[in-house]
> 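I have a structure I would like to understand better, so I am pasting it below and will then ask my questions one at a time.
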Amino acid sequence: MPFGSEILGGILVGLGMAITLLYESQISGASGYAAASLRPSPTGRAELYFVAGLVLAGLIWRFAGGHLSDADESHLGLPAWILAGLLVGFGARLGGGCTSGHGVCGLGRLSHRSLAAVLIFMAFAFLTAAVMRIYL
């Protein structure tokens, strides 16, 4: 059974995505917002605030004693995590979106393109987990 914080997190993500779609008429995907925050426009700073909120929420949770994931127990150093994050971000932009945009917003809008993307994301996630289990 999911913990209360996981349910609350899911509700907040869904609510945030719905608000963005209703009031800004755009799909809020983390990779798109992260890319847009690197080149902020003078008229809007929503992307920059979105990314700053993601970072701050994670830091607040961590300093409040929460664990971000099982990855906290990893023996990888910070450079490896930074490289992994950059590779994931590059792949998400290359693939035309990330799991948050396709998985939360796209599937919610019954997008066939998003369904295909999510199925591919999941297939490769399962494959990666299986390979990592064998080799690590």
Side-chain angles (χ1 to χ4, degrees):
M1 173 154 202
F3 298 102
S5 62
E6 293 169 345
I7 293 171
L8 178 61
I11 290 169
L12 290 174
V13 167
L15 184 61
M17 299 259 180
I19 289 170
T20 304
L21 185 61
L22 290 172
Y23 290 106
E24 296 183 18
S25 298
Q26 72 180 41
I27 303 298
S28 57
S31 67
Y33 272 21
S37 71
L38 297 176
R39 51 180 175 4
S41 69
T43 58
R45 299 183 191 267
E47 296 89 359
L48 190 58
Y49 294 145
F50 180 87
V51 173
L54 288 176
V55 172
L56 286 174
L59 290 173
I60 290 168
W61 177 257
R62 182 68 173 151
F63 288 123
H67 292 285
L68 297 178
S69 70
D70 291 337
D72 289 343
E73 305 300 322
S74 171
H75 300 292
L76 297 175
L78 184 60
W81 283 109
I82 291 171
L83 177 63
L86 290 172
L87 288 172
V88 168
F90 175 75
R93 295 305 296 160
L94 183 67
C98 61
T99 53
S100 61
H102 285 297
V104 177
C105 291
L107 290 180
R109 291 182 19 241
L110 303 176
S111 165
H112 293 112
R113 180 174 168 257
S114 291
L115 177 61
V118 169
L119 291 174
I120 291 169
F121 292 154
M122 294 306 296
F124 277 90
F126 292 141
L127 178 64
T128 301
V131 168
M132 295 298 284
R133 183 175 293 240
I134 291 169
Y135 290 106
L136 294 179

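We number each residue from 1, following the sequence as shown. What's counted below: heavy atoms across the whole structure, side chains too, no hydrogens, waters or symmetry copies. No experiment lies behind these values; they were computed from the predicted model shown.
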> Checking Arg109 now: which residues fulfil side-chain contact (heavy atoms from CB on, under 4.5 Å) with it, not counting sequence neighbours?
Leu21, Ile27
> I need the minimum non-hydrogen distance between Leu107 and Val118, along with the two atoms involved.
CD1-CG2, 4.0 Å
> Gly106 and Ser114: which non-hydrogen atoms are nearest, and at how many Å?
CA-OG, 3.2 Å
> Apply the hydrophobic cluster definition, ILVMFWY joined by side-chain contacts under 4.5 Å directly or through others, and give me every member besides Val88.
none
> Hey, any chance Phe126 and Leu115 share a hydrophobic cluster, counting ILVMFWY side chains that come within less than 4.5 Å of each other, even indirectly?
yes
> Only counting residues at least two apart or in another chain, list the ones meeting side-chain contact (heavy atoms from CB on, under 4.5 Å) with Ile19.
Leu15, Tyr23
> Excluding sequence neighbours, so at least two apart, what forms side-chain contact (heavy atoms from CB on, under 4.5 Å) with Leu83?
Leu87
> How would you list, by chain and number, every residue that makes a side-chain contact (heavy atoms from CB on, under 4.5 Å) with Phe124, sequence neighbours excluded?
Ile120, Leu127
